[in-house]
Amino acid sequence: MLRLYNTLTRQKEEFKPRDPGKVGIYVCGVTPYAYTHLGHARVSVLWDVFKRYLEYKGFEVTLVQNFTDVDDKIIAKANSEGVEAKEIAERYIADYFETMAALGVRPADKYPRVTQEIPDIIEVIQGLIDKGHAYAAGGDVYFDVSSFPGYGKLSGRTLEEMEAGARVEVSPLKRDPLDFALWKAAKPGEPAWDSPWGKGRPGWHIECSVMSLKYLGESFDIHGGGLDLVFPHHENEIAQSEAYTGATFARFWVHNGMVQVDKEKMSKSIGNTTAVREVIKKWDPFLIRFFLISTHYRSPVNFSPEELAAAGKGWERLVAAAKRLEQVAGLKPEASSAGSGEIQELRELLDRSRKRFEEAMDDDFNTALAISVLYELVRGINPYLNRALQGEREYRSQEWLALYAEYRSQLSIFGDILGIFPEDLASRVDSELVSGLVELLLDIRAQARKDKNWSLADSIRDRLGQLGIEVKDGPQGSTWELNK
RNA sequence: GGCGGCAUAGCCAAGUGGUAAGGCAGGGGUCUGCAAAACCCUUAUUCCCCAGUUCGAAUCUGGGUGCCGCCUCCA
């Protein structure tokens, strides 16, 4: 049973989908006017993992993530470069897709864009006017906050409190300072579409209401996004949508914590963003994923090279174990008696791990706890893998090889859900020919070592090292590992 | 100023009433021609402080301190 923290109720609730077996998710995507940064990466990686886990649980998941491809920032950027707004949006949308591919994020099911949904948006705005929830003023259209009694229920504040805050934008066209724009009249030179209120473009919040309702329907299951969107964006989405349909907008609101730098939020307006395209030049993209999910999604995660390096050490241990499991899968069984007691214990560890992994993920997607299960698995099997790879015959029996195969499969299932293992792990590790040749060289080297011919032994190790094959000597023999 | 959240070892980080997961770093060890890896042991009598509830609290309540987010664009 999956339990999810719902921002709306501020507690964990049992998750039951609207339609049995199916889950509809809408996640607020990016405004493409700058390179994709780690904050964007966190949201996307998170929902990629959540979707994979829900699919593992047997749900059919529809994930919708939008692009806000027209807004003030895009227009400003376009003006400063002397190009069309569309060109700016296209450039950074392309960067977003490239970044996501590098991070192993599987594509969402639908990526709607504001500029391609204008007629639907106009229809909803007109509907809101007709129902008395919105009013046109000077070519703009504003949502009348006072007409929606539930305003403030997501962010937990009342109209009075917000009025007192007094940092809201004052516009002479608004009846109330808290009213927000559904439609903005075009200024000269801005991208604009025809509408009943004259040329203009949609306000920021209306797109998400329109697109989520269009692609997921009323009362869809989960609406996600960064914690910084709770107010005003998501609050406004609820007001518009529920005023329009009269039905609950989204059933679960799931918000992730911010990526921080020096304990401060990473954001474009502060100017402390780190573009993912730069980060992955120095760090493995799968380590970035691992790092981003090694903290619970609702907590902030601080980004620094030191913390990334520390996480990297642990991650490398998991990857190394996964590689060893691939290698061992290529061994031929030896006829020898097995240590059945040890095998029994290891099989119990395996069974327990499945349960603990699922319990962790079921508890509000506790990826940090889930990762600890992988470490337990690896710590359990590692000693035996080493013995098998070093040639100890009793650890290469049919029974042991079968157990390794189970571990390999289980680790790969967990790894796939979290997406933390490079996908070409198997192909990198093994082709029969490579294995055979490396084994041959290691046999020769073993003889050289026996003869204390260290220069030959070291030369073989060094030259294999240059080819990316790392040789490691152990008490019973040598093992090897293929690195990038 | 208003609203919300968080404070756990040197660092990162799980844990919402039953006696402190996991990772990194550090120390010790197994192994060892050298190197690397792997594994074992070890590192918080204690969870920001003070009071309270309870047989029992890191976990609940009240007060304090510090940090973060939102109230303007933001994932």
Side-chain angles (χ1 to χ4, degrees), chain A residues 7 10 12 27-31 33-34 36-44 46-47 65 68 71-73 76 152 155-158 160-169 178 204 224-233 235 255-260 263-270 273 290-291 294-296 298-302 304 306-318 320-321 324 356 360 363 366-376 378-380 382-387 389-390 449 452 454 457-458 461-462 465 470-476 478-479 481:
Chain A
T7 306
R10 299 193 184 278
K12 287 182 198 171
V27 178
C28 284
V30 304
T31 301
Y33 70 91
T36 311
H37 64 70
L38 285 163
H40 304 132
R42 187 178 194 195
V43 190
S44 303
L46 246 17
W47 284 102
Q65 187 166 13
T68 302
D71 100 322
D72 292 345
K73 297 280 175 64
S155 52
R157 43 189 114 186
T158 63
E160 295 71 48
E161 286 166 357
M162 288 184 266
E163 305 277 6
R167 279 178 64 185
V168 284
E169 176 194 352
L178 293 171
W204 174 36
L227 200 52
D228 54 352
L229 296 181
V230 172
F231 190 88
H233 186 53
E235 193 70 72
H255 292 100
N256 61 275
M258 299 292 101
V259 174
Q260 303 181 324
K263 299 288 177 189
E264 185 179 41
K265 177 186 171 185
M266 176 179 286
S267 97
K268 286 183 276 199
S269 51
I270 295 173
T273 59
F290 180 82
F291 178 73
S294 57
T295 300
H296 186 91
R298 280 194 280 121
S299 303
V301 54
N302 197 57
S304 74
E306 294 73 26
E307 287 173 41
L308 206 50
K313 288 287 178 56
W315 173 76
E316 279 166 13
R317 238 180 82 210
L318 295 179
R324 269 195 289 278
R356 296 192 35 181
D363 185 13
N366 194 335
T367 50
L369 191 55
I371 286 171
S372 74
V373 175
L374 303 209
Y375 281 110
E376 282 166 13
V378 164
R379 199 172 49 236
N382 251 335
Y384 305 99
L385 292 180
N386 288 344
R387 288 172 197 164
L389 289 169
Q390 283 166 11
R449 294 179 71 211
K452 299 200 186 297
W454 307 125
D458 288 350
R461 182 173 61 194
D462 291 346
E470 189 184 358
V471 176
K472 290 171 284 197
D473 298 332
Q476 308 300 326
S478 306
T479 65
E481 185 177 305

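From a predicted model like this one, the values you see are computed outputs, not experimental measurements. Only heavy atoms go into these numbers, but all of them, side chains included; no hydrogens, no water, no symmetry mates.
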Touch class at under 4.0 angstrom, heavy-atom based, for A:E470 against every strand present: sugar-phosphate
Roughly, in whole Å, what's the span from CD in A:Q390 to C1' in B:A36? 12 Å
B:G26 pairs with, by Watson-Crick or G-U criteria that keep both distances under 3.5 Å: B:U42
Between A:T31 and A:K452, which has a closest nucleotide on RNA chain B that is more 5'? A:K452
Taking only nitrogen or oxygen atoms into account, show me every contact under 3.5 Å that the protein makes with nucleotides 5-8 of chain B, one pair per line with its distance.
none

Give one of base, sugar-phosphate or nothing for A:H255, where a contact means two heavy atoms less than 4.0 Å apart. nothing
Take atom CD of A:E160 and atom C1' of B:G1, then tell me their distance rounded to the nearest Å. 16 Å
Between B:C24 and B:U30, how far apart are the C1' atoms? Round to whole Å, please. 22 Å
Hunt down the Watson-Crick or G-U wobble partner of B:A21, both distances under 3.5 Å, from any strand shown, or write none. none
Do A:D473 and B:C34 share a donor-acceptor pair, side chain to base, under 3.5 Å? yes
RNA chain B nearest-nucleotide lookup for A:H40 and A:Q260: closer to the 5′ end is A:Q260
Measuring only the P atom in each nucleotide, how far is B:A37 from B:U43? A whole number of Å is fine. 24 Å
When we call it a touch if two heavy atoms are under 4.0 Å apart, what does A:G29 touch: a base, just sugar-phosphate, or nothing? sugar-phosphate
Under the criterion side chain to side chain contact (heavy atoms under 4.5 Å, CB included), I'd like the reasoning laid out for A:E264 against A:I270: C-alpha separation, chi angles, the key distance, then a yes or no. CA-CA 9 Å; A:E264 185 179 41; A:I270 295 173; 4.1 Å; yes
Measure NE2/A:H233 against P/B:C73 and give the value in whole Å, please. 11 Å
If you look at every strand shown and take non-hydrogen atoms under 4.0 Å, does A:R157 touch a base, only sugar-phosphate, or nothing? base
Pairing partner of B:G1 (Watson-Crick or G-U wobble, both distances under 3.5 Å): B:C71
Report the C-alpha separation of A:W47 and A:Q65 in whole Å, then their side-chain angles, then the decisive distance to 0.1 Å, and conclude whether the side chain to side chain contact (heavy atoms under 4.5 Å, CB included) test is met. CA-CA 10 Å; A:W47 284 102; A:Q65 187 166 13; over 6 Å; no
With the side chain of A:K263 defined as its heavy atoms from C-beta on, choose the nearest nucleotide among B:C12, B:C73, B:A75. B:C12
Using modelled atom types and a 3.5 Å cut-off, is there a donor and acceptor pairing between side-chain atoms of A:S44 and backbone atoms of A:A41? no
Complementary nucleotide for B:G62 - Watson-Crick or wobble, under 3.5 Å: B:C50
Does any donor-acceptor pair link the side chain of A:D363 with the base of B:G15 at a separation under 3.5 Å? no
Counting Watson-Crick and G-U wobble pairs only, both distances under 3.5 Å, name the nucleotide matched with B:C31, or none. none
Which atom of A:E235 lies closest to which atom of A:G152, heavy atoms considered: OE2-N, 2.9 Å
Checking A:K472 against A:E481 for the side chain to side chain contact (heavy atoms under 4.5 Å, CB included) test, could you report, in this order, the C-alpha distance in whole Å, the side-chain angles of both residues, the deciding distance, and whether it holds? CA-CA 8 Å; A:K472 290 171 284 197; A:E481 185 177 305; 2.7 Å; yes
Would you mind pulling out the nucleotide paired to B:A9, Watson-Crick or G-U wobble, both distances under 3.5 Å? none
Expressed as a whole number of Å, how far does the C1' atom of B:U59 sit from that of B:A21? 15 Å
Check every atom of B:A75, B:A38, B:C70 against the side chain of A:N256 and return the nucleotide holding the closest atom. B:A75
Looking at every strand, decide which applies to A:T295 at a 4.0 Å heavy-atom threshold: base, sugar-phosphate, or nothing. sugar-phosphate
How far does the P atom of B:U61 sit from the matching atom of B:U54, given to the nearest Å? 16 Å
Check side chain to side chain donor-acceptor pair (under 3.5 Å) between A:S478 and all other residues, then give those that pass, not counting sequence neighbours. A:D473
Out of A:V43, A:T295, A:L38, A:N302, which one pairs with A:V259 under the side-chain contact (heavy atoms from CB on, under 4.5 Å) rule? A:L38
Using the C1' atoms only, state how far B:C48 lies from B:A7, rounded to an integer number of Å. 6 Å
Taking atom P in both B:A25 and B:C67, compute the distance separating them and give it to the nearest angstrom. 31 Å
Could you check how far CD of A:E235 sits from P of B:C3, rounded to whole Å? 16 Å
By the 4.0 Å heavy-atom rule, please label A:E306 as base, sugar-phosphate, or nothing. nothing
Shortest non-hydrogen pair, A:M266 vs A:T273, comes out as CG-CA, 3.6 Å
Do the side chain of A:N366 and the main chain of A:L369 share a donor and acceptor less than 3.5 angstrom apart? yes
Looking at every strand, decide which applies to A:D72 at a 4.0 Å heavy-atom threshold: base, sugar-phosphate, or nothing. nothing
Using atom CD of A:E264 as one end and atom P of B:C68 as the other, report the distance to the nearest whole Å. 8 Å
Begin from the C-alpha positions of A:R461 and A:E470 and carry the test salt bridge (charged side-chain N to carboxylate O under 4.0 Å, His left out) through to its verdict. CA-CA 7 Å; A:R461 182 173 61 194; A:E470 189 184 358; over 6 Å; no
Can you figure out which of B:C34, B:C39, B:A75 approaches the side chain of A:V30 most closely? B:A75
Worked verdict on A:M258 versus A:V301 for side chain to side chain contact (heavy atoms under 4.5 Å, CB included): CA-CA 7 Å; A:M258 299 292 101; A:V301 54; over 6 Å; no
Contact letters for nucleotides 18-29 of chain B, in which S counts primed atoms plus P, OP1 and OP2 and B counts the base, heavy atoms under 4.0 Å: ---BSSSS----
Length of the CG-C1' vector between A:N386 and B:A36, whole Å: 12 Å
Per A:R461 side chain, nearest of listed nucleotides B:C34, B:A36, B:C39: B:C34
Within the 4.0 Å heavy-atom criterion, would you say A:V471 contacts the bases, only the backbone, or no part of the nucleic acid? base
Ring geometry between A:F290 and A:Y375 (parallel below 30°, tilted from 30 to 60°, perpendicular above 60°): perpendicular
Nearest-Å distance for atom pair CD/P, residues A:E307 and B:A13: 6 Å
For the P atoms, the ones on B:A44 and on B:C11, what distance do you get once it is rounded to whole angstrom? 14 Å
So, for A:R42 and A:G257, which heavy atoms are closest and what is the spacing to 0.1 Å? NH1-O, 2.7 Å
Exercise: do A:R298 and A:N256 side chains pair donor with acceptor under 3.5 Å: no
Rounding to a whole Å, what distance do you find between A:M266:CE and B:G69:C1'? 16 Å
Work out how far the P atom of B:A14 is from that of B:C6, and round it to whole angstrom. 12 Å
Among the nucleotides B:C68, B:A75, B:G33, whichever has the atom closest to the side chain of A:K268 is B:A75
Under 4.0 Å, counting only non-hydrogen atoms across every strand here, what does A:S155 touch: a base, just sugar-phosphate, or nothing? sugar-phosphate
Across all strands shown, which nucleotide pairs with B:A57 by Watson-Crick or G-U wobble geometry, both distances under 3.5 Å? none
